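I have placed the structure first, in the form of structure tokens, so that the comments after it can refer back to it.
Below, each value reflects all heavy atoms present in this structure, side chains not excepted, and no hydrogens, waters or symmetry copies. Indexing begins at 1, ligand by ligand and atom by atom, following the structure's order. Numbers for residues simply follow the sequence, beginning at 1. Please read these numbers as outputs of a predicted model, since none were measured by experiment.
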Amino acid sequence: MAPISTSPEFSREEVGLALRNPGMHLEGLRYPITPIGMHYLLIHFDIPHLDPATYRLGVTGLVDNPLELSLEDIKSRPRVTIPVMMECGGNGRAHLSPRPISAPWHDEAVGCAEWTGTPLRPILEEAGLMEDAVEILFSGHDRGFDRDVEHDYERSLTLEDALREEVFLAYEMNGVPLPPQHGSPLRLVVPDWYGMASVKWLKEIRAIKEPFEGVQQALAYNYQSSEDDPGTPVTRKHPHALMVPPGIPDFLSRKRHLEAGRITIEGRAWSGFGPAERVEFSADGGKGWREAELGDALGPHGWSSWKCDWDARPGEYELCVRATDASGKSQPLDGQQAW
Ligand SMILES: Nc1nc2c(c(=O)[nH]1)N[C@H]1C(S)=C(S)[C@@H](COP(=O)(O)O)O[C@H]1N2
Ligand SMILES: [Mo]
């Protein structure tokens with residue numbers, strides 16, 4: 001179980017985490033590709049200081065031909081550029097009660113960058129996975145303590161997931177070399193999954209023979225309904241829609257003010273189970289819903305724009321938006337599902 005808080009107030013430590021891990025400004029939903037610097041960040045430990053010129057990626061473990069690849073080796077391989085909408089699995093945790101103590105996201109742990117890199121699968125094939133390999137473990141260069149355990153940031157994927165053709169190693173973000181905070185010089189990108197799987201500052205890719213049980217896999221990033229629940233691993237992103245906050249904000253409360261009249265509300269929606277197929281808008285806190293107009297998805301792993309006209313009459317309103325994806329999954333209203 002994660003350390004939890006039942007207090008509506010954030011601790012000093014949580015504020016510290018929020019300062020180190022900024023979210024995307026929701027007005028940034030206007031950009032189909034989130035500008036660097038507006039994309040959210042989640043950095044568990046410290047940002048490693050790595051020199052791209054001397055950087056080496058090890059491909060080791062249960063492989064016939066262990067590899068040691070320089071950044072130049074990786075860049076000389078087939079190049080793909082893909083918009084990938086990324087969201088932290090902890091997005092929205094500040095709305096939960098009790099809430100897990102971690103980066104205290106409201107709704108802003110999102111971004112959609114255009115990542116450039118090379119597919120992982122051919123690298124694993126070149127290394128030659130042995131028969132008894134069951135998972136691929138990805139280790140970062142960042143190391144620290146969490147729940148009193150010292151470890152590198154590490155996550156695994158099953159062979160099946162690691163060999164998905166859309167999984168790739170990225171060395172550019174929005175057309176420039178990866179910034180230090182986003183994983184320079186090389187990170188994994190696992191499209192459609194929550195962000196925790198996309199290991200930054202990749203040090204090693206290791207084929208292993210048992211399911212990985214490290215802190216960031218077995219203890220963090222699990223949905224739990226109670227203390228006794230062993231949990232279900234967090235994998236693909238659930239359907240989610242967000243809106244560009246209309247009007248102008250109050251500095252402290254972020255309550256919005258706008259002129260009465262007809263306006264267009266807009267935003268973006270996504271899901272890791274196939275693109276958002278339906279977005280609905282409510283101006284009365286979720287009692288009545290109207291169909292929003294959905295734009296095209298930004299590739300198979302990006303997000304989609306949506307818009308909805310609203311005739312704003314004088315008064316106070318709670319505006320809501322929710323998404324449903326191709327698998328029929330819909331966004332719950334209260335966000336109080338399992339963690
Ligand atoms: N090595 C390493 N990789 C990591 C993390 C980390 O702390 N260390 N954080 C993960 C989490 S929880 C998320 S949500 C994403 C965030 O990616 P971003 O900071 O580029 O938005 O990176 C993932 N990869
Ligand atoms: Mo995350």
Non-hydrogen atom of Arg187 closer than 4.0 Å to ligand 1: yes
Contacting atoms of ligand 1, where contact means under 4.0 angstrom from a heavy atom of Ser198: 22 (O), 23 (C), 24 (N)
Tyr40, Tyr194, Trp115: member with heavy atom nearest to atom 14 (S) of ligand 1: Tyr40
Parallel, tilted or perpendicular: rings of His238 and Tyr194 (30°, 60°): tilted
Proximal atoms of ligand 1 relative to Trp201 (non-hydrogen, under 4.0 Å): 1 (N), 2 (C), 8 (N)
salt_bridge(Arg143, Glu150) N-O dist < 4.0 Å: yes
For Ile43, the ligand 1 atoms whose distance to one of its heavy atoms is below 4.0 Å: 7 (O)
Heteroatom distance test (Met86, ligand 1): nitrogen or oxygen, under 3.5 angstrom: no
Distance-only side-chain donor-acceptor flag, Ser139 / Glu204, under 3.5 Å: no
Which residue and heavy atom of the protein sit nearest atom 11 (C) of ligand 1, plus the separation: Met196 CA, 3.7 Å
Closest protein heavy atom (residue, atom, distance) for atom 10 (C) of ligand 1: Tyr153 OH, 3.4 Å
Distance under 6.0 Å and angle within 45° of ring axis: Arg322 vs Trp289: yes
Selected option - heavy-atom contact closest to atom 15 (C) of ligand 1, from Ala197, Gly195, Gly183, Ala113: Gly195
Cation-aromatic face contact Lys329/Phe273, 6.0 Å, 45 degrees: yes
Arg155 (side chain) donor-acceptor with Gln216 (main chain) under 3.5 angstrom: yes
Ligand-residue contact atoms, ligand 1 with Asp142, heavy atoms, under 4.0 Å: 1 (N), 2 (C), 6 (C), 7 (O), 8 (N)
Sidechain N-carboxylate O distance under 4.0 Å for Arg290, Glu280: no
Those atoms of ligand 1 less than 4.0 Å from some heavy atom in Cys88: 14 (S)
Under-4.0 Å heavy-atom contact with ligand 1, by part of Ala109 that carries it: neither
Donor + acceptor pair across side chains of Gln331, Thr324 (<3.5 Å): no
Ring centre gap for Tyr171 and Trp115 strictly below 6.0 Å: no
Subset of ligand 1 atoms that lie under 4.0 Å from at least one heavy atom of His39: 21 (O)
Tyr221 to ligand 1, any heavy atom closer than 4.0 Å: yes
Nearest non-hydrogen protein atom, atom 9 (N) of ligand 1: Leu42 O, 3.2 Å
Backbone of Arg93 reached by a side-chain donor or acceptor of His95 within 3.5 Å: no
Numbering as shown, the atoms of ligand 1 that approach Val199 to under 4.0 Å (heavy-atom distance): 1 (N), 3 (N), 24 (N)
Atom indices of ligand 1 within 4.0 angstrom of His44 heavy atoms, with elements: 5 (C), 6 (C), 7 (O), 9 (N), 12 (S)
Check: Glu108/His25 side-chain N/O donor and acceptor closer than 3.5 Å: no
Identity and distance of the protein heavy atom lying nearest atom 3 (N) of ligand 1: Lys200 N, 2.8 Å
